[in-house]
2 protein chains.
Amino acid sequence: MKKYIYLFREGNSNMRDLLGGKGANLAEMTNIGLSVPQGFTVTTEACREYYTEGERFPEGLWEQIIPAMSDVEHSSGKKFGGSRNPLLVSVRSGAKISMPGMMDTILNLGLNDDTAYGLAEATQNARFVFDCYRRFVQMFGDVVLGIESYRFENILDEVKEKQGVKFDSELSADSLEGLVKKFKSLIKAETGHPFPDDPYEQLKQAITAVFRSWNNQRAKFYRKVNHIPDDIGTAVNVQSMVFGNMGKDSGTGVAFTRNPSTGEKVLYGEFLMNAQGEDVVAGIRTPLPITSLQEENAELYGQFCQIASNLEKHYRDMQDIEFTIEKGKLYILQTRNGKCTISASIRIAVEFCKEGLITREEAVTRIDPHHLGKLLHRRIDDEAELEVLVTGLPASPGAASGKIVFDADAAERLGLAGEKVILVRTETTPDDIHGVMASQGILTSRGGMTSHAAVVARHMGKPAVCGCEALRIYYSDKKLVIHNREYPEGTEITIDGGTGRVIDGMVPMKDPDLSEEFQTILKWADEIRTLKVMANADNPFDAAKARDFGAEGIGLCRTEHMFMDPSRLPIVQKMILAQTLEEREEALALLLPMQENDFYGILKAMAGLPVTIRLLDPPLHEFLPNGEELGEDILRIKLTQNLEDRKVQEELYQKEVLLKKVRALHEMNPMLGHRGCRLGITYPEIYAMQSKAIFLAAARLIKEGYTVLPQVKIPLVVHYKELEVLREQTAQIAKEVMGAEGVDIPFKTGTMIETPRAALTADEIARYSDFFSFGTNDLTQTVFGFSRDDAEGKFLPVYIDNHILSENPFAILDKEGVGKIMKICVQLGRMSNPELKIGICGEHGGDPSSIDFCQEINLNYVSCSPFRVPIARLSAAQSMLKSRKSE
Amino acid sequence: MKKYIYLFREGNSNMRDLLGGKGANLAEMTNIGLSVPQGFTVTTEACREYYTEGERFPEGLWEQIIPAMSDVEHSSGKKFGGSRNPLLVSVRSGAKISMPGMMDTILNLGLNDDTAYGLAEATQNARFVFDCYRRFVQMFGDVVLGIESYRFENILDEVKEKQGVKFDSELSADSLEGLVKKFKSLIKAETGHPFPDDPYEQLKQAITAVFRSWNNQRAKFYRKVNHIPDDIGTAVNVQSMVFGNMGKDSGTGVAFTRNPSTGEKVLYGEFLMNAQGEDVVAGIRTPLPITSLQEENAELYGQFCQIASNLEKHYRDMQDIEFTIEKGKLYILQTRNGKCTISASIRIAVEFCKEGLITREEAVTRIDPHHLGKLLHRRIDDEAELEVLVTGLPASPGAASGKIVFDADAAERLGLAGEKVILVRTETTPDDIHGVMASQGILTSRGGMTSHAAVVARHMGKPAVCGCEALRIYYSDKKLVIHNREYPEGTEITIDGGTGRVIDGMVPMKDPDLSEEFQTILKWADEIRTLKVMANADNPFDAAKARDFGAEGIGLCRTEHMFMDPSRLPIVQKMILAQTLEEREEALALLLPMQENDFYGILKAMAGLPVTIRLLDPPLHEFLPNGEELGEDILRIKLTQNLEDRKVQEELYQKEVLLKKVRALHEMNPMLGHRGCRLGITYPEIYAMQSKAIFLAAARLIKEGYTVLPQVKIPLVVHYKELEVLREQTAQIAKEVMGAEGVDIPFKTGTMIETPRAALTADEIARYSDFFSFGTNDLTQTVFGFSRDDAEGKFLPVYIDNHILSENPFAILDKEGVGKIMKICVQLGRMSNPELKIGICGEHGGDPSSIDFCQEINLNYVSCSPFRVPIARLSAAQSMLKSRKSE
């Protein structure tokens, strides 16, 4: 027979899987001699079986509950269902991972008319007993029988009104007894069955209800948001009741051992005298701060402080403690590791370490890197009341407020005049860059996480919300419509690029918070980690920011953004529209000094750290106007203008030539099209210009006395021969520049691994590479056959809702598929080139679980956006500690 | 010291790598006692070293040539450079793989004024000697010294004109001697150096020239076309000259041992008396058929017939023999396996087998499956003179002639009236299907091998040339412009879908040629092969054709073509535009009986053989009109029509609603978008309808007494959970139908493997699959990150020209990349499901080298288009024989 029941004294804190967090803690507290009301825990296994058996009470469970109740009766000296000195119990859920408030709790179970009178006699407090009784019936009615709480509240309000009283506490014992009868009648009427007076029947139903609450809507949602598995189930804790409402020498409260907002080392919490726990939680009465317990009862307060301190030492973590005082005696009902803000958790970890409670390694492990990002961006004050209008994709983190503006020119004009504006567009194009630069943030109605707006915003470190499909933008009327409400140009709104929220008006903000403790934790993390952390940065400003955040080099410097600069775009377009090699080289010659300055700035900013520059990657049509719009333009001219007019003819001709080229470059699947090193192979002169610019910039810096380490990165390789040819070209140009400038430039050449074929033939490719850089975004697209732009807006949400995929693979690296091919690649690559340095530079480079995987497969570095560098430093240290543990 | 030189008697026919085909044959012939003029072979290794040494004569080579020449002098009794009875030699190229006419040959080497007089004395034929001499100087001048041949011809013509003669043979010895002097003057004037009179110097320069000719333009091109490696080099054969021009009892000729066009067992060739070989080859004089040699000299003819027959038996292949008669003595100069048409090669193989010369296995091995396709389609007569206007992509094989028509309605009208038309469009859409059906063939200016036109044409077995970008189509003027020439509607043209050629006018055609020998070879192939051959077919007509060609089932029945049928498209569009599940199910209910009939027809046609039906695969927007055109339509209405008019308003509204949906369904990368089983997951009702139709059709047939074996195939799987859900749905529907219809339907469910992720997680996927079907087209796209539509038109040709890729991976399976992941998949899949049947159903399924690979990794079947089934049967047998050999 399986053991479904553990008395508190039978368990310990290591049994969280089986007893849940709360049950394991109650057992632990019992074993370290705290005054915990006794009871037992129904295991999570019982809950799982409840579900596998088709929501039926597991066989053999009840037979184990009976003797456990006897034990509790024995240790409390009370009798469950006894008419004298009856035992009442609480029934609470408690999963392995805490899900506060998500599942059900029932207090005072065991009451019926008989036991109520018995308890009233034992306590000499009928009012208290019937108060418990009516609370219990209501709670049971709500939680177990599914009658909504307000139905009981209505009856309560009627009675209070009839009696002309304002507070529950003003009701007499008789009124409360009357209420119990009314509540029971309601239950009979609603369910067709009388309220179960048998305490054992109550217990069975309550335990079942807790099992059932594992799968209620809010619990499921909480698990989804917090990545808690659906199949671990909850334990159920049955514990003797103690009463905080047994008069003025009784009370109840909750307290944290440190301030959960700031981390400061003070007791933080609240209590209410003559009350039960739900009065505090429900906010019906206003509790007092815990420190004022000292005034009420200095001795008890002293006891509590001592217990709190002991619990911290025992659990080596900040504790969240529930307590009850019954007639002057302090009971600890529950303790658990406290949840707190990310700032507080950092301060607490550092101080715990300094107090000698935990090691640096433990301190580093305790910080959840997922929340670290909040500290790095301007953000909306947690306390602010918000009117969220609509939610889009969280395309670039941070929050911003400003006036709505619908075009880039206006945004630039107002922005330069010092106005704060939010640029609102259906989507942005390279033509809008000046407007984006002048805005506080960007909001678009179309496009995904990789749309132009999203990429540019992340690149500039500006907040952006994209693909917000509920927006209707009327450019001609200069207005925005959301759910039938109009927002004319100039209306103030706020966007939260971390969550995708669009909020009415300006709201209070908080600045980035880089405390001393934060720096300390990162320093400790650096001492531990073996993965290098590099940054993705395309300009000197970002590069400097990346260094500030601790990046050890640039892992990915994209060059396409440089091409999109509005002052260069016309030259770039000329280069693309060139009919001959000569014309193209002419345009490239104009771009050369510009690119040289770009690289000069970045190499200088990184002062000798490696700077990995990726040669041009996107398809050329990205630099040209939209063909559909151009086609309509042409049609409009043809239908509405005087075609005899020379100027009209000229305009038409220009547009038609352009359209022809746009159409010629049009691709069915640009993601899989003429881009990456395919451009370098078909137009060698483009890559040649870029390489030359890199080496000229490096030479200039060396002559000025700087140290430089440029690394040339070839994108989208599928076959080693591409790399063979392009590596040779780069080497040739380096040689020429070094000869002409008379300096020696140290440099490396490597490749992106973005296609399955590159990974599968990594042994061949490694012969021509100093480094591999996984582009996990493109690799995820090709391994899955998912276009990110299309998937995230269309079928991916359905896949996640239906549990076909557990995560968005573009956010969390897919270890089974993408990870497997990465492993193959690492193995093949190192086999043929043991010196090979391997890292990742996709967005996964800043995601903690993906960093774990990078550690697991022994990569050398991760590269991520500057703002994620601290997250990556911390994650890398945690990954190292995990891998050390699993060795 | 390396051995660079082999005397003919030192080699044998197994030394082709080192001695080249010709050298090995000369050695072999020498060894079997034929009268071969003696000589030696310079190895291919010497040629390779010539190139690796920077085009320099390999060290030590010359030192080996001297003694070899002595040996030849000895065996011929003549002296090289001797003034009496001088030895002359030929110097010829000979690579491992024959490249006829591609490289250089020099005859009569060793002549100078001295040896010429000596030879004249020895032969008593000064005219002959100076004829040789002037030929030699001209050839040496051309081949070795690079002076174009016409310069010598001009001088010859002048002399003939001056002397008033018509033929070379009318020139006297003196005139010829004069010519030699004039030729030498030309050489001196052109090169600045006198003609080299030293025979050894001549020999050295000639051997060098042959080495050099390995890399001339036409040789390089020939190798590229025939997939011959560039780095194997050529051997050089130096052989004593014998003379066919020593008078009327001398002559020269070439002959095949069988007719190379038909395979008939007759000597086939031609000869000329009193002539040298190049007279025959160059076509200056008209040779006589070989059979008339009997009249000239019955004894010699008899000798030759005997030698021919012996050579066939010795080499066990049809021979292509060069011979010379010198003063009544027959010399065999060369023999090699003869090239012939595919029809001839089939007949010869079958007859050789029947004659006991070769086994069935050898017969099967001898047929090149690449050429088999020619016999299966109507094709342009090889003899026809063609004016090729332009060349596009060979999108669907076969040839067709007809009048140009520019729209589908006209095509249908004329086609039904019995006119032969070619539908010419920029691209086709589902709206054009009726026009495609009524045409002989299709020609488009846009779109690749997977464009709508290409897919539909292949599906219908109609010839098509697509993506012919040089076409300019003017719909409004009803004309086509190619290179500035206009072709109005009604002009007759011919397209060749096998080569992509567009040809002026109607041209003579040949019908498919399925001879008795052809059937015999295929029967023998079936006895040998272990790979099953299935067909891709989507309708009863194709299914029946596939059975005729020997398919053992349908490996891929696509259902999207059924949706594109013009009578159904409106219902399909209704289904797509549905706002609610109810609306969609209403449309699906209309499609159900149609689909049931589709499957009824195919299952019936295959009479119990497995029919694998792929559920809907393409993105839904493929069934809707083009958004760009629709947008322009709307703009046109807005700008030109009366917007007050109710009807105009209504039309505008309809179009705007449609455009909205088209835009909503628009995808950046449809190849990686919302398609395949992603549709099945997001709209389960679509797949449910299709499954139901399959089982209803099967039930009906079973009740009618037929045997059926439907196999449901789920496309584009990336995660086993997709398959788990969809397999369960299929099973559920099967159960329901079987219950309702009261019959038991045998069926299987499997999946396409088209994404790297599916291959990498094949162990999990195999648990839910009865079979795997590699979709190697999509798999190639995802493994490479190549969009086929974009790659083939844009960068792929550059990749192949620059030797980055050796083949188009969409035509020839890429073993290193795609193949590697297929191997991983097969291994993982079979590991977790040993019963798993694995095959391929992409276009590679009909490609011989890809079939080799399928055999190599132990697949169970290949599936290809009906017309390729015979090719696959033969290839599969060859693959089996190869794998047996390599074991």
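Naming: A, B, ... by sequence-line order, numbering from 1 per chain.
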Heavy-atom contact with chain B under 4.5 Å, split by part of Asp814(A): side chain
Greater than 12 external heavy atoms within 6.0 Å of Lys815(B)'s NZ: yes
Region of Ala664(A) that comes under 4.5 Å of a non-hydrogen atom in chain B: backbone
Closest non-hydrogen atom pair, Val718(B) against Phe786(A): CG2-CZ, 4.1 Å
Check: Leu760(B) main-chain N/O paired with Lys820(A) side-chain donor or acceptor under 3.5 Å: yes
Contact leader toward chain A among Lys638(B), Arg675(B), Glu722(B), Glu816(B), where contacts are heavy-atom pairs under 4.5 Å: Glu722(B)
Part of Val798(A) lying under 4.5 Å from any heavy atom of chain B: side chain
Residue Gln827(B) excluded, over 12 heavy atoms near CD under 6.0 Å: no
pair Val725(A)-Asn802(B): side-chain heavy atoms closer than 4.5 Å: no
Check ion pair Arg663(B)-Glu628(A) (N to O, under 4.0 angstrom): yes
Side chain, backbone, both or neither of His719(A) within contact of chain B (heavy atoms, under 4.5 Å): side chain
Interatomic distance, Ile804(A) atom CD1 to Leu726(B) atom CG [nearest 0.5 angstrom]: 7.0 Å
Part of Leu665(B) lying under 4.5 Å from any heavy atom of chain A: backbone
Donor-acceptor under 3.5 Å (Asp790(A) side chain, Met668(B) main chain): yes
Under 4.5 Å from any heavy atom of chain A - which part of Tyr720(B): neither
Nearest non-hydrogen partners of Arg678(A) and Phe784(B), listed with the distance: NH2-O, 3.1 Å
Choice from Glu469(B), Arg636(B), Glu764(B) maximising heavy atom contacts with chain A below 4.5 Å: Arg636(B)
Chain B contact via Ile824(A) - which portion, at a heavy-atom distance below 4.5 Å: side chain
Exercise: identify the closest heavy-atom pair between Lys794(B) and His666(A): NZ-O, 2.8 Å
Interatomic distance, Arg788(B) atom CZ to Asn669(A) atom CG [nearest 0.5 angstrom]: 13.0 Å
Closest non-hydrogen atom pair between Thr782(A) and Gly785(B), with its separation: CG2-CA, 4.2 Å
Side chain to side chain contact (heavy atoms under 4.5 Å, CB included) between Tyr799(B) and Ile681(A), worked out: CA-CA 8 Å; Tyr799(B) 266 56; Ile681(A) 296 288; 3.7 Å; yes
Contact summary for Leu635(B) and Leu635(A), nearest pair of heavy atoms: CD2-CD2, 4.0 Å
Region of Leu639(A) that comes under 4.5 Å of a non-hydrogen atom in chain B: side chain
Option in Thr640(B), Leu672(B), Thr682(B) with maximal non-hydrogen atom pairs under 4.5 Å from chain A: Leu672(B)
